[in-house]
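Following: one structure in structure tokens, then a few remarks.
Proteins come first, then strands; the chains are lettered A, B, ... in the order of their sequence lines, and each starts at number 1. The figures that follow rest on heavy atoms only: side chains count, while hydrogens, waters and symmetry mates do not.
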Protein chains: 2
Amino acid sequence: MDLREGQSEIAEASLSLAERLFLTLRGEIVEGQIPAGSKISEPELARRFNASRGSLREALMRLESLGLLERRVNVGARVVDLTERGLLELYDVREALEGMACRLAALERTEEDLAALRQMLARHEQQEELQAGRAYFQPEGDFDFHFRIVQASGNDLLIDTLCNRLYYRVRMYRYQLGMASPRAKRAFHEHSHIIEAIEAGDGELAEILMRRHIRASRQNIEKKLR
Amino acid sequence: MDLREGQSEIAEASLSLAERLFLTLRGEIVEGQIPAGSKISEPELARRFNASRGSLREALMRLESLGLLERRVNVGARVVDLTERGLLELYDVREALEGMACRLAALERTEEDLAALRQMLARHEQQEELQAGRAYFQPEGDFDFHFRIVQASGNDLLIDTLCNRLYYRVRMYRYQLGMASPRAKRAFHEHSHIIEAIEAGDGELAEILMRRHIRASRQNIEKKLR
DNA sequence: TACATCAGGATTGTCGACAATCTACTGATG
DNA sequence: CATCAGTAGATTGTCGACAATCCTGATGTA
């Protein structure tokens, strides 16, 4: 595979080589093709992508700032490993940030935001009925939901922190620990109520419901882990 | 100035050159020696520090991931500029995260944490009495307070997000927009009540008080800006 | 056997040079 | 006079090589 030739799925010409490497590696780490906890060899990866070590190192540093890699001077980089503790920490941070996002979304939402949210909800309901209980697409659907609400908050710092930083870790846990939520039906109703609160402009309620939603998901995971 | 020779205030030998550059530049950006909104010239900075462009670029990328710099491909890096909106966004994110930190600190705090918090509070009280109203050291004192509570939360992701990421932006606004809080006496009492809640192990109350504390600070700034 | 010491090999950190790209100015044209 | 194309200069992106550092395992000693 040679990213310079534009053969990659992600290789848009307008991006720098280092950025394409970053995007490719991010995907492989999130999906576990590069296993969690494994060591990264700069020369090996550079050869694999026909890139120089410099460009590769730039990509690695971006991954580090995403929290997907840990680097130590004169030692090298390792993919973070997935721990129960790390997963639970992630939930607490999401509860705080997405709760706030939900509050802000209720106050700042535009008509477009509302239309998109309603449409998404309808689509999810349809999918749910079709698949009655199997909840196959739910993970990505749940992701859409949270993603869109954060976008609607209008707070760029919040959006960046969640969507460009934390969510890749969330997806990494989902892919690799296979946490396809078995709470499909219940989650759908919670989503529905949250959107109602946002529509009503009730920031306080929207925040409470979102926090409860995330905490329920966390408790569900916690129970599963024992 | 040549960071390789160890003449810098920050030049600990165990760090890589790129890391020392990063620390130095971070300080200069936070304190405004490199003005907000100004363009960064890689060749110029590299000459100034007697470093190669490669090492400097590594430092710049870390600054970007801190949100202190914005880079665009084939164009270069600029220091972020300080806007009213950005400041208010920062407050909302802090309210969410530090509220959660406070809740967790109330549940997870160790005896050492409590001792440190009490001692810090006593020191601040003393300083406040000494300076009666002038509130000169309050900004750094306030910083200590928030910093320590976040540490006591025990959530590494939360700690990293606040202490290694957001707080540098906070300090940048404080230095350059000169937001020495005029709420010294009132802030002290709020701090005091928050620590009481943490001591009592009342996570819910601790979170509410911290959020109110930060929101009051935000409203104070908002009023000032008009 | 357990522990410390010390090469050998490999990996990371740093550098200077070349290629690709953008910016600003000059000049031509409607 | 305004607008646009083109060129010159400077800046960023990328690369390969050298130096500094670390890890592994082999050797020797208590």
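Residues that satisfy the salt bridge (Lys or Arg N to Asp or Glu O under 4.0 Å) test with D92(B), not counting sequence neighbours, are R218(B). Under the side-chain contact (heavy atoms from CB on, under 4.5 Å) criterion, S52(B) pairs with S55(B), sequence neighbours left out. Partners of S65(B) according to the side-chain contact (heavy atoms from CB on, under 4.5 Å) rule, which considers only residues two or more places apart in sequence or in another chain, are S65(A). Scored by the side-chain contact (heavy atoms from CB on, under 4.5 Å) test, E44(A) finds S41(A), R47(A) as partners (sequence neighbours excluded). In this structure E111(B) satisfies the side-chain contact (heavy atoms from CB on, under 4.5 Å) test together with L114(B), R118(B), sequence neighbours excluded.
The shortest distance between the side-chain N/O atoms of R57(A) and the OP1/OP2 oxygens of dG13(C) is below 4.0 Å. Residue S55(B) has a polar side-chain atom (N or O) positioned under 4.0 Å from OP1 or OP2 of dC15(C).
Heavy-atom distances under 4.0 Å link DNA chain C to R71(A), V73(A), N74(A), V75(A), G76(A) of residues 66-76 of chain A, given in residue order. Contacts between residues 38-46 of chain A and DNA chain D, defined by a heavy-atom separation below 4.0 Å, involve no residue at all.
In this entry the distance linking CG of L56(A) with C1' of dT11(C) reads 13 Å, nearest Å. Put simply, CD on E58(B) is 17 Å from C1' on dG16(C), counting in whole angstrom units.
Annotation: salt bridge (charged side-chain N to carboxylate O under 4.0 Å, His left out) contacts involving residues 63-73 of chain A, sequence neighbours excluded, comprise R71(A)-E58(B). Pairs of residues two or more places apart, or lying in two chains, that qualify as salt bridge (charged side-chain N to carboxylate O under 4.0 Å, His left out) and include a residue from residues 99-110 of chain A are R103(A)-E207(A).
Salt bridge annotation for E98(B)-R148(B): absent, with no cationic side-chain nitrogen under 4.0 angstrom from a carboxylate oxygen.
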